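These notes concern the structure reproduced below.
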Amino acid sequence: AQSVTQLGSHVSVSEGALVLLRCNYSSSVPPYLFWYVQYPNQGLQLLLKYTSAATLVKGINGFEAEFKKSETSFHLTKPSAHMSDAAEYFCAVSVPRTGRRALTFGSGTRLQVQP
Amino acid sequence: SAVISQKPSRDICQRGTSLTIQCQVDSQVTMMFWYRQQPGQSLTLIATANQGSEATYESGFVIDKFPISRPNLTFSTLTVSNMSPEDSSIYLCSVGGGFTDTQYFGPGTRLTVL
């Protein structure tokens with residue numbers, strides 16, 4: 001079965017600093033990987049996705065993530081944090097080849113951005 | 001991307017009652033999913049709902065507690081039955097499809113059970 005581990009339930013950065021949110025996955029077959037963002041009292045918004053094409057994936061709001069098969073990782077980065085980036089971030093995996101098309105989510109990382 | 005709406009957006013209910021949550025999509029989709037997000041936690045899949053077939057429930061979720069209807073390709077309902085305070089959560093529907101299996105989420109229904 002597939003799983004996702006997000007290291008760090010809370011991450012705090014200064015405005016303008018690098019954002020790094022960690023995600024490691026476990027899957028017996030090539031996975032699809034996603035990052036979603038949830039702003040307070042809102043639903044989930046897709047940031048970016050990896051679906052076996054380019055390993056470096058660019059998403060919205062300046063975020064990007066790199067799929068590293070050797071490290072089973074899909075870390076999310078942004079060069080310069082903005083106050084509006086403060087939110088909860090979820091990494092998720094699906095393995096359509098197994099017939100399981102639903103998403104398995106990590107536990108989430110709450111990003112705080114300090115002025 | 002699909003546009004998804006949910007009703008109600010929030011509700012406060014009494015213990016022992018039931019609430020039906022509606023999910024409407026602006027396009028026809030094969031697969032719909034229902035997730036639960038308990039306070040301060042991640043999302044957990046409740047069930048997968050395909051039109052014309054019985055919903056498939058995940059371990060720990062049963063049809064008697066969470067009956068689901070999927071009458072057509074744009075609509076689904078989730079009922080939370082015989083509620084207790086432990087059912088207080090955000091319930092989200094999502095739709096998936098296409099080659100990349102991207103899932104799009106509704107805004108969620110915030111349920112509080114007293």
Side-chain angles (χ1 to χ4, degrees), chain A residues 1-10 21 23 25 27 29-54 57 59-60 65 67 74 87-110, chain B residues 1-10 21 23-25 29-50 53 55-61 68 76 89-112:
Chain A
Q2 68 279 2
S3 66
V4 171
T5 301
Q6 291 184 242
L7 299 176
S9 59
H10 289 80
L21 305 183
C23 172
Y25 70 91
S27 176
V29 297
Y32 289 172
L33 293 160
F34 304 83
W35 276 99
Y36 286 86
V37 60
Q38 185 177 36
Y39 297 102
N41 299 314
Q42 294 188 29
L44 272 71
Q45 180 181 5
L46 179 69
L47 272 178
L48 49 79
K49 61 189 178 187
Y50 166 77
T51 57
S52 75
V57 181
I60 62 171
F67 174 74
F74 190 57
E88 186 91 20
Y89 292 81
F90 293 97
C91 183
V93 62
S94 72
V95 279
R97 197 177 301 181
T98 65
R100 180 174 176 82
R101 303 172 76 104
L103 294 172
T104 299
F105 283 86
S107 55
T109 298
R110 182 168 299 277
Chain B
S1 65
V3 177
I4 306 165
S5 60
Q6 287 186 233
K7 291 181 180 180
S9 59
R10 60 178 61 228
I21 302 168
C23 179
Q24 179 76 51
V25 189
V29 294
T30 302
M31 308 188 84
M32 296 181 76
F33 308 90
W34 286 98
Y35 291 83
R36 180 176 73 182
Q37 186 179 22
Q38 293 178 298
Q41 300 197 23
S42 187
L43 284 79
T44 301
L45 180 68
I46 298 172
T48 301
N50 291 337
S53 63
T56 302
Y57 289 82
E58 297 295 297
S59 176
F61 297 96
I68 289 171
S76 177
S89 298
I90 300 173
Y91 292 85
L92 300 103
C93 69
S94 74
V95 301
F99 178 72
T100 60
D101 277 289
T102 300
Q103 285 193 26
Y104 298 98
F105 285 80
T109 296
R110 187 178 296 270
L111 171 62
T112 302

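A, B, ... follow the sequence lines: proteins, then strands. Residue 1 opens every chain. It should be emphasised that the depicted structure is a prediction, and the values quoted were computed from it without experimental measurement.
For A:Leu46, the side-chain contact (heavy atoms from CB on, under 4.5 Å) partners at least two apart in sequence or on another chain are A:Phe34, A:Tyr36, A:Lys49, B:Thr102. Residues satisfying the side-chain hydrogen bond (donor to acceptor under 3.5 Å, both in side chains) criterion with A:Ser27, sequence neighbours excluded, are absent altogether.
In terms of heavy atoms, A:Phe90 sits closest to B:Gln41 at CZ-O, 4.2 Å. Nearest heavy atom pair, residue B:Ser42 against residue A:Ser107, reads CB-CA, 3.8 Å.
With a 4.5 angstrom heavy-atom cutoff, B:Gln6 does not touch chain A via any of its atoms. Proximity to chain A involves both the backbone and the side chain of B:Leu43, based on heavy atoms less than 4.5 angstrom apart. Contact annotation for A:Gln45: neither backbone nor side-chain heavy atoms come within less than 4.5 Å of a heavy atom of chain B.
Annotation: side chain of B:Gln103 is not in contact with side chain of A:Leu44 (no heavy-atom distance under 4.5 Å).
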